[in-house]
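Take a look at the structure below.
Just the heavy atoms: all of them, side chains too, but no hydrogens, waters or symmetry mates, feed the values below. So that the names make sense, note that chain A is the first sequence line, chain B the second, and so on, each numbered from 1.
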Amino acid sequence: MRIATFNINGIKARLPRLIEWLEETRPTVACLQEIKTMDEGFPADAFEKIGYKAIWHGQKSFNGVAILADGVEPIETQRGLPGDDADEQSRYLEADVNGVRVASIYLPNGNPQPGPKFDYKLDWMERLRTYAKTLWDAEIPTALVGDYNVVPEDKDIWSPRALADDALMQPQSRDAYARMLGDGWTDAIDTFNPRGGVWTFWDYQAGAWQRDHGFRIDHLLLSPELADRMQAAGVDKEYRGREKSSDHTPVWVELAD
DNA sequence: ATGACTGCCTCTGGCAGA
């Protein structure tokens with residue numbers, strides 16, 4: 001099975017591109033972030049037409065996540081990240097698909113830093129780590145995939161200096177991500193590209209795509225049950241160059257059945 | 001050196017993104 005994640009930056013603006021990508025690459029599960037719509041605006045019919053069933057957690061204007069599955073209904077297991085009842089942002093959705101637990105994650109950006117948004121990001125990362133441990137302890141085959149808004153190491157960006165003051169690059173952000181890996185979660189893209197140089201995001205501004213000024217912030221973290229099944233992982237880079245593209249690319253991992 | 005683009009909802013400009 002193929003598990004993919006794609007920060008689409010607006011499901012209404014991106015729908016033709018999204019349908020195209022699903023039909024061309026046919027992931028078993030597709031986790032989406034930044035759908036940027038309320039629940040009632042989600043175009044479930046368009047996905048049904050091409051054989052995908054979906055669940056989604058929307059929010060007006062910002063954030064919003066979804067999980068699409070090829071030919072089967074995702075069985076929802078969690079909506080919203082536990083650990084803060086006051087948190088109303090739609091950034092976490094989780095489901096079982098074909099015996100695999102899959103989470104669609106849109107981790108807070110955290111800029112500007114320092115400040116309340118950065119504090120929220122770090123809190124969110126600790127909540128994620130705490131919750132992920134419960135999945136780990138239950139020995140559920142789990143994939144935590146999405147836009148983590150963390151550049152894990154200097155090898156994961158074209159220029160570490162360019163974003164040195166950015167929330168995506170701060171030691172606290174990186175340490176929190178590293179603690180997840182320290183707990184045993186496997187970064188699929190990094191496993192197949194240990195020397196780095198793989199990007200999943202290119203800014204719309206300043207000709208970043210044309211200059212290949214990108215970085216890696218969309219990640220697939222696998223529990224040991226799934227890491228053992230990894231066959232390949234990659235980035236669907238060409239979609240960043242198409243008309244009306246998202247600023248992120250799809251990222252995927254192929255697992256043995 | 002600076003700013004640079006895009007989507008959203010709409011107070012069509014301000015916010016958010018990364």
Side-chain angles (χ1 to χ4, degrees), chain A residues 5-19 21 31-43 46 56-66 87-92 104-122 124-125 128 145-174 176-177 189 196 198-219 235 237 239-251:
Chain A
T5 179
F6 192 4
N7 179 322
I8 54 173
N9 187 20
I11 201 162
K12 295 168 192 167
R14 210 69 56 217
L15 193 58
R17 284 291 88 83
L18 183 54
I19 295 292
W21 168 70
C31 293
L32 309 179
Q33 300 87 37
E34 284 206 89
I35 63 174
K36 291 186 172 180
T37 179
M38 291 183 286
D39 282 341
E40 45 270 45
F42 188 85
W56 58 93
H57 189 198
Q59 182 181 332
K60 190 177 181 180
S61 299
F62 307 119
N63 307 325
V65 287
D87 185 0
E88 299 194 333
Q89 299 189 31
S90 300
R91 297 179 175 275
Y92 188 94
S104 182
I105 290 169
Y106 179 46
L107 208 144
N109 171 297
N111 281 305
Q113 73 80 28
K117 291 188 175 182
F118 190 56
D119 295 340
Y120 174 65
K121 176 186 192 133
L122 297 180
W124 208 95
M125 293 188 83
L128 176 63
V145 310
D147 178 358
Y148 278 73
N149 271 317
V150 175
V151 176
E153 297 181 48
D154 284 355
K155 68 181 181 179
D156 299 309
I157 185 165
W158 96 97
S159 166
R161 280 179 57 198
L163 266 74
D165 295 327
D166 196 283
L168 279 57
M169 295 266 300
Q170 294 314 295
Q172 299 100 309
S173 311
R174 287 180 158 185
Y177 187 76
I189 294 292
V198 175
W199 319 144
T200 69
F201 172 91
W202 292 258
D203 203 295
Y204 288 126
Q205 302 186 59
W209 168 247
Q210 289 76 10
R211 298 175 183 181
D212 200 28
H213 287 181
F215 41 90
R216 188 172 76 93
I217 52 176
D218 299 275
H219 306 308
V235 175
K237 185 174 174 179
Y239 289 86
R240 181 62 183 81
R242 295 197 185 183
E243 286 290 309
K244 294 278 286 177
S245 74
S246 172
D247 39 7
H248 295 250
T249 48
V251 185

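With dC8(B), dA18(B), dA4(B) as the candidates, the nucleotide lying closest to the side chain of Gln205(A) is dA4(B). In this structure, of dG17(B), dA18(B), dG7(B), it is dG7(B) that holds the atom nearest to the side chain of Asn9(A). Taking the side chain of Phe62(A) as heavy atoms from C-beta on, and the options dG17(B), dA18(B), dG7(B), the nearest nucleotide is dG7(B). In this structure, of dC8(B), dA18(B), dC5(B), it is dA18(B) that holds the atom nearest to the side chain of Tyr106(A). Ranking dG7(B), dA18(B), dC9(B) by closeness to the Phe201(A) side chain, first place goes to dA18(B). Across dA4(B), dC9(B), dC5(B), the shortest atom-to-atom separation from the side chain of Lys60(A) is found for dC9(B). Residue Ser61(A) places its side chain closer to dC8(B) than to any other of dT6(B), dC8(B), dA18(B).
As the counterpart of dA18(B), no nucleotide is assigned, since no Watson-Crick or G-U wobble pattern has both distances under 3.5 Å. dC9(B) is paired with dG13(B) under the Watson-Crick or G-U wobble criterion, all donor-acceptor distances under 3.5 Å.
Nucleotides dT6(B) and dA18(B), compared at atom P, are 16 Å apart to the nearest Å. Spacing between dC15(B) and dC11(B) at atom P, rounded to whole Å, works out to 14 Å. With both ends at atom P, the span from dT12(B) to dT2(B) equals 31 Å, rounded to whole Å. Here the separation of dA1(B) from dA16(B), taken at their P atoms, is 30 Å to the nearest Å. Of the C1' atoms belonging to dG14(B) and dT10(B), the separation is 10 Å, rounded to the nearest Å.
Side chains of Asp166(A) and Asn111(A): a donor on one and an acceptor on the other come within 3.5 Å. Checked by atom type, the side-chain pair Asp247(A)/Trp209(A) shows no donor-acceptor distance below 3.5 Å. Side chains of Ser246(A) and Arg14(A): a donor-acceptor N/O pair is absent below 3.5 angstrom, by distance only. For Tyr120(A) and Asp87(A), the side-chain atoms include at least one donor-acceptor pair closer than 3.5 Å.
Protein atom CZ of Arg211(A) is 11 Å distant from nucleotide atom C1' of dG3(B), rounded to whole Å. Distance Asn111(A) CG to dA16(B) C1': 11 Å, rounded to the nearest Å. Regarding Ile8(A), its CD1 atom lies at a distance of 17 Å from the P atom of dT6(B), rounded to whole Å. Nucleotide dC8(B) holds its P atom 7 Å from the NZ atom of Lys12(A), rounded to whole Å. Separating the CD atom of Gln89(A) from the P atom of dG17(B) is a distance of 8 Å, rounded to the nearest angstrom. Rounded to an integer number of Å, the gap from Asn109(A) CG to dA18(B) P is 5 Å. Look at CG on Asn7(A): it is 12 Å from P on dC8(B), rounded to the nearest Å. The nearest whole Å value for the distance from the CG atom in Asp218(A) to the C1' atom in dA18(B) is 11 Å.
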**Asked** Is there a side-chain contact (heavy atoms from CB on, under 4.5 Å) between Arg17(A) and Tyr239(A) once you walk through the steps?
**Response** CA-CA 8 Å; Arg17(A) 284 291 88 83; Tyr239(A) 289 86; 5.7 Å; no
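Remark: side-chain polar atoms of Ser104(A) are not paired, donor with acceptor, to backbone N or O of Val65(A) under 3.5 angstrom.
OP1 or OP2 of dG7(B) has not a single side-chain nitrogen or oxygen of Arg17(A) nearer than 4.0 Å.
Residue His248(A) is classed as a sugar-phosphate contact, given heavy-atom separations below 4.0 Å to backbone atoms only. Asn149(A) comes within contact range of the sugar-phosphate backbone alone, with a heavy-atom separation under 4.0 Å but no base atom that close.
Shown for residues 152-174 of chain A: residues whose heavy atoms fall under 4.0 angstrom of DNA chain B, namely Leu168(A).
Taking the six-membered ring for Trp, Trp199(A) and Phe215(A) have ring centres at least 6.0 Å apart. Here the two rings, on His219(A) and Tyr177(A), have centers that are under 6.0 Å apart.
Using a 4.0 Å cut-off between charged side-chain N and carboxylate O, Asp154(A) and Arg161(A) make no salt bridge.
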